[in-house]
K.L.:
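Pasting a structure below so you can have a look.
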Amino acid sequence: MKKSGAAEKRKARRSSASVQNVGRDPSSDTPPRKQAAKQDVYQLFAEKVRDHKDLESRWAVLQETRVEYFRGKDFVSFMKNHPELKEILESDRDLETEDIANNLLQKNLLVRCDRVVKTVRPGKKKLSTWPAHLEIFPERVFSENDAFFAWTFVKRRPLWQTLLSFFWPILTLAICLFPVYPHRCKLLILYSCAGLLLLILSLLLLRAAIFGAAWIVLGKRIWFFPNILAEEATLRELFRFLPKKDEEERPKWTARLFYAIVAVLVILLLRHHAPDEAARARYQKRMSNIIDDVLEWSPSLALSGMMEKQPIVNATEDNNKFSNESKVNSETVTPPDETENPDETDQHQTNNTI
């Protein structure tokens, strides 16, 4: 009886184990270390793809957060041109591009986005190629047709950015210590900053003049350095020289003629009210005096000026000063003979002669 009861217990255990094995996913049998390694493989793949220069990407605002995103069709063409990156995935290197992208979405390394503005704005022919504002798309499935995907992980900071973060406090301290620099250093910094400011203003005026001339004469919008005034742009996008493609409608000839007349009137008005040589000389002298005061300032001169303003009390100097003042007063007093009336002196002289 005991042997039969033990046999029944063993059968029950085997049956329960078989039921558990049936309901278990085969992929869950892998140890947790292998799963972590597999996830690290996708993380490494995502970092390599993001750092690659051939994958075109932009920055946009997603729920009040700046994110870097790319288009689905660009990702497909990028993987076709660079199939060697699939070797990082090891066992999943034979997967299709769509499957790899779906795995990245499932592992929360990517998030699918959609444009916020879905209608064509007035004056434009089509939607923007790279929208500046995005929102999360409800479906987490890869697609090539007008689909955008944003990276969710924080990009590793390069070494130069780390060094630059330590350099900023030193630069701030150096700016605060500008008044105590030697005269030559002040001149070098002054002319460098003035030259840089002049270069920036000249560049802005030149691009504005080119835009105005092209808009009035040709009816086209040509902005060289189109991202130079952008608030949200990378360093590479900021110094992009070639203009963007004009996607807006061509302006009417009446508007172009009106603004051409306005531009001519403004130029004539500025020329009429331009300052003369005397006014320019006065302004130059005033500015040169201000600059000289800044450049010639030094702590020694400031301290000497403060010492001169302070009254110095000394007993010996006070006595000497008092004696000098008494001597001066005695010398300035006239004798009584010289202060007499001239008529009385003449009468006195006549009496003596008589």
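Count residues from 1 along the sequence.
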K.L.:
Quick check for you: to the nearest 0.5 Å, what is the distance between L269 atom CG and R271 atom CZ?
P.N.:
13.0 Å

K.L.:
Measure the shortest side-chain to side-chain distance between F167 and L164 over non-hydrogen atoms and say whether it is less than 4.5 angstrom.
P.N.:
yes

K.L.:
Examine distances only and state if a side-chain atom of K86 and a backbone atom of D94 form a donor-acceptor pair shorter than 3.5 Å.
P.N.:
no

K.L.:
Counting only heavy atoms not in E56, do more than 12 fall under 6.0 Å of its CD?
P.N.:
yes

K.L.:
Does F178 CZ have over 12 foreign heavy atoms under 6.0 Å away?
P.N.:
yes

K.L.:
Side chains of residues 68-76: which donor-acceptor pairs under 3.5 Å do they make with residues two or more places apart or in other chains?
P.N.:
{"from": "E68", "atom 1": "OE1", "to": "R50", "atom 2": "NE", "distance (Å)": "2.9"}
{"from": "E68", "atom 1": "OE1", "to": "R50", "atom 2": "NH2", "distance (Å)": "3.2"}
{"from": "E68", "atom 1": "OE2", "to": "S57", "atom 2": "OG", "distance (Å)": "2.8"}
{"from": "Y69", "atom 1": "OH", "to": "P131", "atom 2": "O", "distance (Å)": "2.7"}
{"from": "R71", "atom 1": "NE", "to": "D74", "atom 2": "OD2", "distance (Å)": "2.8"}
{"from": "R71", "atom 1": "NH2", "to": "D74", "atom 2": "OD1", "distance (Å)": "3.4"}
{"from": "R71", "atom 1": "NH2", "to": "D74", "atom 2": "OD2", "distance (Å)": "3.1"}

K.L.:
Would you mind reporting whether L196 and I200 have side-chain heavy atoms less than 4.5 Å apart?
P.N.:
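Yes, close enough: below the 4.5 Å cut-off.
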
K.L.:
More than 12 heavy atoms of other residues, nucleotides or ligands under 6.0 Å from NZ of K80: yes or no?
P.N.:
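Not buried by this count: 12 neighbours or fewer within 6.0 Å.
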
K.L.:
Should L173 and V180 be regarded as members of a common hydrophobic cluster, given that ILVMFWY residues are connected when their side-chain heavy atoms come within less than 4.5 Å of each other, either directly or indirectly?
P.N.:
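Yes.
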
K.L.:
Tell me the closest heavy-atom pair linking P251 and G219, and the distance in Å.
P.N.:
CD-O, 3.2 Å

K.L.:
Can you name the closest pair of heavy atoms from V120 and K126 and give their distance?
P.N.:
CG1-N, 4.0 Å

K.L.:
Same cluster for L188 and Y181 if Ile/Leu/Val/Met/Phe/Trp/Tyr side chains link at under 4.5 Å?
P.N.:
no

K.L.:
Kindly assign one of parallel, tilted or perpendicular to the pair F78 and H82, based on the angle between their ring planes and the thresholds 30° and 60°.
P.N.:
tilted

K.L.:
Within a strict 4.5 Å, meaning less than it, do heavy atoms of the L127 and K118 side chains meet?
P.N.:
no

K.L.:
How far does CD1 of I210 sit from CG of L205, to the nearest 0.5 angstrom?
P.N.:
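Between I210 CD1 and L205 CG, I get 11.0 Å after rounding to 0.5 Å.
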
K.L.:
Just verifying a value: how many Å separate K48 NZ and L85 CG, rounded to the nearest 0.5 Å?
P.N.:
8.5 Å

K.L.:
State plainly whether one hydrophobic cluster holds both L204 and W223, where clusters connect Ile, Leu, Val, Met, Phe, Trp and Tyr through side-chain heavy atoms under 4.5 angstrom apart.
P.N.:
no

K.L.:
Given the rule that I, L, V, M, F, W and Y join up when any side-chain heavy atoms are under 4.5 Å apart, are W59 and V111 in one cluster?
P.N.:
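The answer is no; the residues belong to distinct hydrophobic clusters.
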
K.L.:
Could you tell me which non-hydrogen atom of F153 sits nearest to which non-hydrogen atom of L109, and how far apart they are?
P.N.:
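Reported closest heavy-atom pair: CD2-O, 3.9 Å.
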
K.L.:
What are the two closest heavy atoms between S143 and R112, and how far apart are they?
P.N.:
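For S143 and R112, the tightest heavy-atom pair comes out as CB-NH2, 3.7 Å.
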
K.L.:
Would a distance-only check, ignoring hydrogens and angles, find a side-chain to backbone donor-acceptor pair under 3.5 Å from R93 to E90?
P.N.:
yes

K.L.:
Are L218 and F258 connected in the hydrophobic side-chain network, where two residues link if heavy atoms are under 4.5 Å apart?
P.N.:
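No, separate clusters.
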
K.L.:
Would you call V217 and W215 a side-chain contact if the rule is heavy atoms closer than 4.5 Å?
P.N.:
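Result no, sub-4.5 Å side-chain heavy-atom pair not found.
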
K.L.:
In Å, rounded to the nearest 0.5 Å, how long is the span from CG of L134 to OG1 of T65?
P.N.:
11.5 Å

K.L.:
Going by heavy atoms in the side chains, are N108 and R140 under 4.5 Å from each other?
P.N.:
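Yes - at least one pair of side-chain heavy atoms lies under 4.5 Å apart.
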
K.L.:
Does R282 reach the side chain of P275, with side-chain heavy atoms less than 4.5 Å apart?
P.N.:
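In short, these two side chains do not touch, never coming nearer than 4.5 Å.
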
K.L.:
Is L105 close to F149 at the side-chain level, that is, under 4.5 Å between some pair of heavy atoms?
P.N.:
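Yes, at least one pair of side-chain atoms sits under 4.5 Å.
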
K.L.:
For the residue pair I100 and L89, establish whether any side-chain heavy-atom pair is separated by less than 4.5 Å.
P.N.:
yes

K.L.:
Around H272, counting heavy atoms of other residues, nucleotides and ligands shown, do more than 12 lie under 6.0 Å from its NE2?
P.N.:
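Open: at most 12 neighbouring heavy atoms sit under 6.0 Å from NE2 of H272.
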
K.L.:
When rounded to the nearest 0.5 angstrom, what distance separates CD in Q43 from CG in L104?
P.N.:
9.5 Å

K.L.:
What do you reckon, is NE2 of H133 surrounded by more than 12 foreign heavy atoms closer than 6.0 Å?
P.N.:
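Count not over threshold, so no.
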
K.L.:
Determine whether L199 and L203 satisfy the following criterion, side chain to side chain contact (heavy atoms under 4.5 Å, CB included), listing intermediate values before the conclusion.
P.N.:
CA-CA 6 Å; L199 177 62; L203 178 62; 5.5 Å; no

K.L.:
Which heavy atom of D92 sits nearest to which heavy atom of Y42, and what is that distance?
P.N.:
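Residues D92 and Y42, closest heavy atoms: OD2-OH, 2.9 Å.
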
K.L.:
Would the distance check show the side chain of R115 and the main-chain N or O of D146 forming a donor-acceptor pair, the cut-off being under 3.5 Å?
P.N.:
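Checking the backbone N and O of D146 against the side chain of R115, no donor-acceptor pair under 3.5 Å is found.
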
